[in-house]
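Below: the structure, in structure tokens.
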Amino acid sequence: MTYTVALAQVNPACGDLEYNVKMHVAQTEQACEAGADLIVFPELSLSGYLLKDQTLDVMRRADCPEFAGLRELSRHIAICAGFVEEGEDGIPYNSAFFMDAGEVCHVHRKMYLPTHGMFEELKFLGRGKELSVFDTRFGRTGIVICRDLFHPLEVSTMAALGVELLLAPSAMPARGFGGEELAIEQTVSLALGSASTFLGMFVVYVNRVGFDDGLGFYGGSALSDPVGGITVSAPRFEAVQLLGTIDTSHIARHRYQLPIRREEDLAIVRHALETRRNS
Amino acid sequence: MTPDTLALNNEFVYDYLKRFVQEELHTSGFTEACIALSGGLDSALVLKLAVDALGADHVHAIFLPYKASSAESKRDAHTMFEFCGIPWQELDISGMADAYLALQPGIDRLRTGNLLARLRMAVIFDQSKKENALVVGTSNKSELLVGYSTWYGDMACALMPIGDLYKTQVRSLARHLGLPQQVIAKLPSADLWTGQTDEGEIGVSYETLDQVLFLLVDQRCSSAEVNSEGFELDLVQRVERKILTSQFKRVPPPIAKLSQRTVGIDFLYPRDWRK
């Protein structure tokens, strides 16, 4: 199967849900016209990132009236976008929904909320407790939000659970301006390369651009292909929508060429963890 | 530590800072910027960034000399106005400064310097109201960290594009952008009195200071570790003390908490807060 994914490297307005919904609708219509089957937005794309106490004002359920236009558009194109989710427990979560065929199919709650240095997510948001692995018309799909991508154990577990398409909406601030690429870009490249090369997944990494106060998000969205490497690479700092092609036959071909998945023996991991626990 | 540790990809930095100036202004609903030009390198670089980000027509720069300001300052400020293609604007603060100074016999150099910095602040903020502009600050990371700046004086502004660049990085970026050599090469000075230089006052060259700061702050090294990198312990401890004693300048004043929600403590919104 071959399909087209749109990487929406956008600049959301912090705390302005109305503006952001309109921007999402326009981006989705553009992707639709370009023939995309799926559009992926960055982390907290519908709310903005550095919300602090605005978190309470912008939290919504994925089936809220404000997102009705997007649900309607998802009859024509699958949509993955970030928002502050109002949990059934009343807790706000840093979440991303996956909509298709007019329905909310899945909501992932970010599991690892960075709270150190410039980050203060756990001060305002609840922690997601579950890996997101779900079936879509594109195959077994997983979502990791920003920092989640840097946890190889979780990404490996998702691979073990059969994920072939990993969606990675992000809001990664630029830092480390010393080299030919930003230090954070090198870190992301490692994560993308490892997921595609060792775990045989397609990764759709969509990072935002623009500034929330002094934090500048660098963009650099990418499509990582197990066979082709980075096949789509968005510019730094620039708002842009790019299209990439995913050929799912690459997964089997790659896993045949480098059969890490076939070699994998989770019993070894399980045994090590149990031995450790019992010692 | 090699000097390269502080080296930056200046093209990235330039692109990023231009966008920062543009977006921070526009998000706040402004199109105009106001900059107090001193004739020194920091304000020269900020002027260049602002002009490239917003266009020369949207940048209002003013040279604000006191009668003791050096002739070089005026010459270099003039060069920068020409370099950036913006009309010369000068407002002499001697009259307003002297009116107060006459009432303060025996005032020392430091108080006078602070007074001049705060008068310039008052003028640039008033001009920014006139132009419906935001004041763009010119503080760099070296001076912010050691507190070599006047609280509510030259530190007062709406945004600080070069506040995370050490002085040596400011020089490198200025060179990359082709700023006039005379502005890049001059000895840094607050020009608050005749013959004043930053390095004379701080007691160390910026090359050394920036490396020590980089190790202490960016690399989180202890003073013993910095010392083992070849910097005198006495110097390192002096720099550490400067950082400590100037902390009050880098944070808003503490508010005594009484209520459920207190400004700055648990009434927390980004600066770019829109409703």
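Scope of the values below: all heavy atoms of this structure, side chains included, with no hydrogens, waters or symmetry mates. So you know, we letter chains A, B, ... as the sequences are listed, proteins then strands, and number each from 1.
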(Q) Once ring pair (Phe, Tyr, Trp, His ring centres under 6.0 Å) is applied, do any residues pair with Phe41(A), and if so which ones, sequence neighbours excluded? (A)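 If we apply the ring pair (Phe, Tyr, Trp, His ring centres under 6.0 Å) test to Phe41(A), skipping adjacent residues, the hits are His24(A).
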
Q: Counting only heavy atoms closer than 4.5 Å, note whether Asp266(B) contacts chain A via side chain, backbone, both or neither.
A: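 Only the backbone of Asp266(B) comes within 4.5 Å of chain A.
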
Q: Would you mind checking if Asp15(B) and Arg236(A) are paired as a salt bridge, meaning a charged N to carboxylate O distance below 4.0 Å?
A: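 Salt bridge: no.
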
Q: Measure the acute angle between the ring planes of Phe12(B) and Phe237(A), then classify it against the limits of 30° and 60° as parallel, tilted or perpendicular.
A: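 Phe12(B) and Phe237(A): perpendicular rings.
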
Q) How are the rings of Phe211(A) and Tyr16(B) set relative to one another: parallel (under 30°), tilted (30 to 60°) or perpendicular (over 60°)? A)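 Answer is tilted, since the angle falls between 30° and 60°.
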
How about [atom1] on [X], more than 12 heavy atoms from neighbouring residues, nucleotides or ligands closer than 6.0 Å, or not?
X: Arg118(B); atom1: CZ; result: yes
X: Gln247(B); atom1: CD; result: yes
X: Tyr19(A); atom1: OH; result: no

Q: Tell me, for Tyr218(A) versus chain B, whether the close heavy atoms (under 4.5 Å) come from the side chain, the backbone, both or neither.
A: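 Contact with chain B: none, neither part.
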
**Q.** Contact origin within Leu17(A) toward chain B - heavy atom pairs under 4.5 Å
**A.**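 Answer is neither: Leu17(A) stays 4.5 Å or more from chain B.
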
For residues [X] and [Y], report the shortest heavy-atom separation together with the two atoms involved.
X: Leu50(A); Y: Pro270(B); value: O-CG, 3.1 Å
X: Asp53(A); Y: Arg261(B); value: OD2-NH2, 2.6 Å
X: Asp272(B); Y: Asp212(A); value: OD2-C, 3.9 Å

Q) Can you find a heavy atom in the side chain of Glu120(A) that is under 4.5 Å from one in the side chain of Leu268(B)? A)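 Glu120(A) vs Leu268(B): side chains apart.
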
Q: Starting at CG of Leu17(B), measure out to CZ of Phe177(A) and round the result to the nearest 0.5 Å.
A: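 With rounding to 0.5 Å, CG (Leu17(B)) is 7.5 Å from CZ (Phe177(A)).
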
Q.
Would you compute the distance between atom OH of Tyr269(B) and atom CG of Asp57(A) and round it to the nearest 0.5 angstrom?
A.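 Here the rounded value is 5.5 Å.
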
Q. When only heavy atoms count and the cut-off is under 4.5 Å, which of residues 79-94 of chain A reach chain B?
A.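 If one takes a 4.5 Å heavy-atom cut-off, no residue of residues 79-94 of chain A lies near chain B.
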
Q | Pick from Asn10(B), Val13(B), Leu159(B) with the largest number of heavy-atom pairs that fall under 4.5 Å of chain A | A |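 Of the options given, most contacts go to Val13(B).
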
**Q.** Donor on one side chain, acceptor on other, Asn9(B) and Glu181(A), under 3.5 Å
**A.**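 No - no donor-acceptor pair under 3.5 Å links their side chains.
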
